[in-house]
Amino acid sequence: MRTRQIAPLGALTLALVASGSLTPAFAAAAAHPGGHPGDPDFGPNVTFVDPSWTTDQINALLTSVNDEDEFSQNRHQIFFEPGTYGSAAGQDDPATATGIVNGTVGYYEAIAGLGAQPGDVVVNGAFQVNPVVSCPNSPWACQSPGSLTRFWRSVSNLAINPIQRAVEDDAALPFPAGTADPHQLRWAVSQAAPMRRVDVRGNLTVFGRFGEYASGGFLANSRVTGTLVTGSQQQWYTRNSSVGTWDGGVWNMVFSGVQGAPANDFGPLAGGGVGNKTTLDTTPVTREAPFLYRGSDGRLAVFVPSAHRNTSGVDWSTSADAGRSVPISDVYVAHPGDTAQAINSQLARGKNLILTPGVYRLDKPIAVKRADTVVLGLGFASLTPTDGNAVLTTGDVPGVVVSGITVDANVPASDVLVQVGPHNSHKSDPADPTSLSDVFVRVGGPWQGQATTSIEVNSDDVVLDDLWAWRADHGNGVGWDTNAAEHGLVVNGDDVTATGLFVEHYEGNQVLWNGEGGTTVFYQSELPYDVPSQAAWTDGTRDGFASYRVADGVQTHTAYGLGVYSFFNQGVDIRDESGIQTPTGAGIAFHSMTSVFLNGSGGINHVINDVGAPAVGGFASPQVVTYP
């Protein structure tokens, strides 16, 4: 195990030594760069926790890393070695709930188990995310920001027996300070906060205590034995999971391959009102995210799941049939400060790549040229260009797996930030698709950035699983001309599947789909807030730009569960002719679409092409069930 380090031992370690609460085993391991003597050096921002740690030590660690600002450049990865943490007896006395692991998961914090199965790491307690609550005595005034900015954090590959201590210190709350919530885990998040491969042995609640707005989220390959409560979540996507029961949601709740999912009810209901649920029995194509684990021999390896079609339920197998294990000896472990040239040299030698937490400033792209190469980011490892370049490109090869990276545009502007395959790529394998999972792109926010296209997919047979491309609406370097960006995603390849696609605030078509055979399951998008005038935002033939645009001439495309939202905040009557624009034909099929007026002025005239009522004023949310 390793703590954040200042000198040979980190500040937390030194404090625990001084207090006398640090065990000799803890002290000896903290000076070592990995969890086991044979592990590579993962650097100062990766911590390995093992069962010798007390709950006090674990909770102190969690407290020390959960307070980063929204645009901090610090990054944290915490790994739990196989074992049991905290005491299940804590749930027997909700007035005290002692002996439990109890930590808030903050910005740029990733928590993961190192078992081959989620149940190899059992946590009695909670890794929780709570909304910003500044007015607990007037709960319905707590909407801003609520959970709307709970981004960039994750938990994966472990089992949680949820015993959640309340964190708010106010007697007016239903669970006063020092007590515990019911047998539930609260994960009140929005975008870029995935929960994967988690076994929640109780209830999972994904919205704020008083119904504070949330704009998430993503749950995949997980089991919730109790109730999954989505509550005030505006939209939520659950994929290839199992739930006991489900409750809540506002406009666009999508389930694919979820055992226990509610029935599809999107559209008018027989008793009045409208439904908000889109349910697919299976997911068309999946490739689960790779993950680090410790084998029975004590050595680390990266498990790379295989791709599957038309699947449902969880799949936690690590057998040879389920995927492949890459030994850590075949992985180059990079650290912030490594140059693109140094990283590319290792890739050229046949290594796979782990990016340890931090910010990588690159004067050329990380170039992945070998088929089946794995690029795995830990702790929201972030890549930014320094010379108008891309930060990551792949060759004309199949099977590349990229997961867990954050990308920040910079100046000078880049034409593209992440490019999957060169133009006119033709080498692909439907059984071994290239995949991007948990890839998050920002244009503005930490600093000024500009990029014409955030992600460009030129290869065929690609899976895009939980992507958020975001032209910042707040933070640093934000303005119509300051963080200029045209497209979040451009798809030129054929047979590309997106499962969980979030694209927001770009100034042109936020998604432009030129390839044939494309499929999207769940899409969430807000139009740009800061449009200064209608003249500044028009494609030349119509008002505004459709958020989701299938190019003229495309003959086959399918999409399920799409929501496009408007909040024009410049006091000008800005209109978007339609949130979705597509050609029509026998091979085109859209299901479950809505436009939503969130706030501000103007709005969206039609949901798709010239179909659907306007979304103008008063939380209007017209629906179109199928098109054409």
Supply the atom-to-atom distance Thr225 OG1 to Asp199 CG, rounded to the nearest 0.5 angstrom.
7.0 Å
Thr205 side, atom OG1; Asn130 side, atom CG - distance, nearest 0.5 Å
10.5 Å
Using distance alone, with no hydrogens and no angle criterion, decide if Thr499 and Tyr237 have a side-chain donor and acceptor under 3.5 Å apart.
no
Below 4.5 Å, heavy atoms only, C-beta onward: do Val420 and Leu436 meet side chain to side chain?
yes
Show, in sequence, the C-alpha distance, side-chain angles and deciding distance for Asn458 and Glu456, and conclude whether the side-chain hydrogen bond (donor to acceptor under 3.5 Å, both in side chains) test is met.
CA-CA 6 Å; Asn458 298 310; Glu456 179 181 271; 2.9 Å; yes
Knowing that exactly one of Ile366, Val374, Thr373 qualifies, which makes a side-chain contact (heavy atoms from CB on, under 4.5 Å) with Leu353?
Ile366
Any side-chain donor-acceptor pair under 3.5 Å between Asp321 and Ser319?
no
Any chance you could measure Arg201, atom CZ, to Asn124, atom CG, to the nearest 0.5 Å?
9.0 Å
Mind running side-chain contact (heavy atoms from CB on, under 4.5 Å) on Trp187 and Leu219 for me, showing each step along the way?
CA-CA 11 Å; Trp187 187 256; Leu219 174 70; over 6 Å; no
Reference residue Phe502; test ring pair (Phe, Tyr, Trp, His ring centres under 6.0 Å); the match among Phe218, Phe522, Trp470:
Phe522
Between Arg197 and Asn157, does any side-chain donor sit less than 3.5 Å from a side-chain acceptor?
yes
Has Gln77 got a side-chain atom pairing as donor or acceptor with Ala110's backbone, closer than 3.5 angstrom?
yes
Decide ring pair (Phe, Tyr, Trp, His ring centres under 6.0 Å) for Phe48 and Phe42; before the verdict, give the C-alpha distance in whole Å, the side-chain angles of both, and the deciding distance to 0.1 Å.
CA-CA 10 Å; Phe48 291 81; Phe42 285 93; 5.6 Å; yes
Can you see which heavy atom on Ser147 is nearest to which on Ser190, and at what distance?
O-OG, 2.8 Å
Would Leu114 and Leu300 count as a side-chain contact (heavy atoms from CB on, under 4.5 Å) here? Give the steps.
CA-CA 9 Å; Leu114 279 179; Leu300 291 173; 4.2 Å; yes
Would you say the side-chain atoms of Arg153 pair up with the backbone N or O of Ala193, donor to acceptor, closer than 3.5 Å?
no
Using modelled atom types only, decide if a donor and an acceptor are shared between the side chain of Asp461 and the backbone of Ser428 within a distance under 3.5 Å.
no
For the side chain of Glu109 and the backbone of Gly106, is there at least one donor-acceptor N/O pair under 3.5 Å apart?
yes
Residue pair Thr47 / Leu61, side-chain heavy-atom distance below 4.5 Å:
yes
Show your reasoning for whether side-chain hydrogen bond (donor to acceptor under 3.5 Å, both in side chains) applies to Gln191 and Ser215.
CA-CA 7 Å; Gln191 296 86 353; Ser215 183; 3.3 Å; yes
Search all heavy atoms of Leu355 against all heavy atoms of Ala381 and return the closest pair with its distance.
O-CB, 3.6 Å
So Thr406 and Arg442, side-chain contact (heavy atoms from CB on, under 4.5 Å) or not? Walk me through it.
CA-CA 8 Å; Thr406 299; Arg442 305 184 292 198; 4.1 Å; yes
Nearest heavy-atom pair of Tyr293 and Ser325: which atoms, and what distance?
OH-OG, 2.6 Å
Thr394 side chain to Gly421 main-chain N or O, any donor-acceptor pair under 3.5 Å?
yes
Specify the closest pair of heavy atoms between Phe127 and Val155, including all atoms of both residues, with the distance to one decimal.
CD1-CG2, 4.1 Å
Donor-acceptor pair, Asn221 side chain versus Asp315 backbone, under 3.5 Å?
yes
A side-chain contact here means heavy atoms from C-beta on lying under 4.5 Å apart; do Asp460 and Val496 qualify?
no
With Arg75 as the cation and Phe380 as the aromatic partner, state whether NZ or CZ is under 6.0 Å from the six-membered ring centre and within 45° of the axis.
no
Between Thr384 and Asp408, is any side-chain donor less than 3.5 angstrom from a side-chain acceptor?
no
Are Asp372 and Arg370 ion-paired here, with the side-chain N under 4.0 Å from a carboxylate O?
no
Going through the checks in order, is the salt bridge (Lys or Arg N to Asp or Glu O under 4.0 Å) test met by Asp396 and Lys369?
CA-CA 7 Å; Asp396 187 9; Lys369 299 180 179 180; over 6 Å; no
Rounded distance [0.5 Å steps], CG in Leu489 versus OG in Ser454:
9.0 Å
Can a side-chain donor-acceptor contact be found between Gln524 and Glu504 if the only test is distance below 3.5 angstrom?
yes
Would Asn352 and Asp330 count as a side-chain hydrogen bond (donor to acceptor under 3.5 Å, both in side chains) if you check the C-alpha gap in whole Å, the side-chain angles of each, and the deciding distance to 0.1 Å?
CA-CA 6 Å; Asn352 300 279; Asp330 290 345; 5.6 Å; no
Ring centroid separation Tyr108 to Phe151 under 6.0 Å:
no
Check: Thr356 and Val333 side chains under 4.5 Å, non-hydrogen atoms
yes
Say you draw a straight line from CD of Glu68 to NE2 of His76; how long is it, rounded to the nearest 0.5 Å?
3.5 Å
With respect to Phe440, which candidate in Asp466, Val407, Ile405 satisfies the side-chain contact (heavy atoms from CB on, under 4.5 Å) definition?
Asp466
Heavy-atom pair with the smallest gap, counting every atom of Ile160 and Gly125
CG2-O, 3.6 Å
Is any side-chain heavy atom of Thr311 closer than 4.5 Å to one of Asn240?
yes
Chi angles and distances behind the side-chain contact (heavy atoms from CB on, under 4.5 Å) call for Arg294, Asp39:
CA-CA 10 Å; Arg294 194 171 298 284; Asp39 292 350; 2.9 Å; yes
Would a distance-only check, ignoring hydrogens and angles, find a side-chain to backbone donor-acceptor pair under 3.5 Å from Thr283 to Ser256?
yes
Got a second to check how far Ser459's OG is from Gln419's CD, nearest 0.5 Å?
8.5 Å
Are Phe71 and Tyr107 close enough, and set up right, to give a ring pair (Phe, Tyr, Trp, His ring centres under 6.0 Å), and what steps lead you there?
CA-CA 8 Å; Phe71 297 111; Tyr107 287 110; 7.9 Å; no
Can you tell me if Asp120 uses its side chain to pair, donor with acceptor, with the backbone of Gln117 under 3.5 Å?
yes
Is there a side-chain contact between Leu185 and Met195 in this structure, where contact means two heavy atoms from C-beta onward sitting under 4.5 Å apart?
yes
Please examine the side chains of Ile58 and Tyr85, heavy atoms only from C-beta on, and report whether any two atoms are closer than 4.5 Å.
yes
Check Glu288 with Arg196, please: is the shortest side-chain N to carboxylate O separation under 4.0 Å?
yes
Answer yes or no: is there a side-chain heavy-atom contact under 4.5 Å between Val441 and Ile455?
yes
Pro305 to Pro290 - nearest heavy-atom pair and separation
CD-CA, 3.9 Å
Is a side-chain donor or acceptor of Asn389 paired with a backbone partner of Pro385 at a separation under 3.5 angstrom?
no
Donor-acceptor contact below 3.5 Å, side chain Gln184 vs main chain Asn203
no
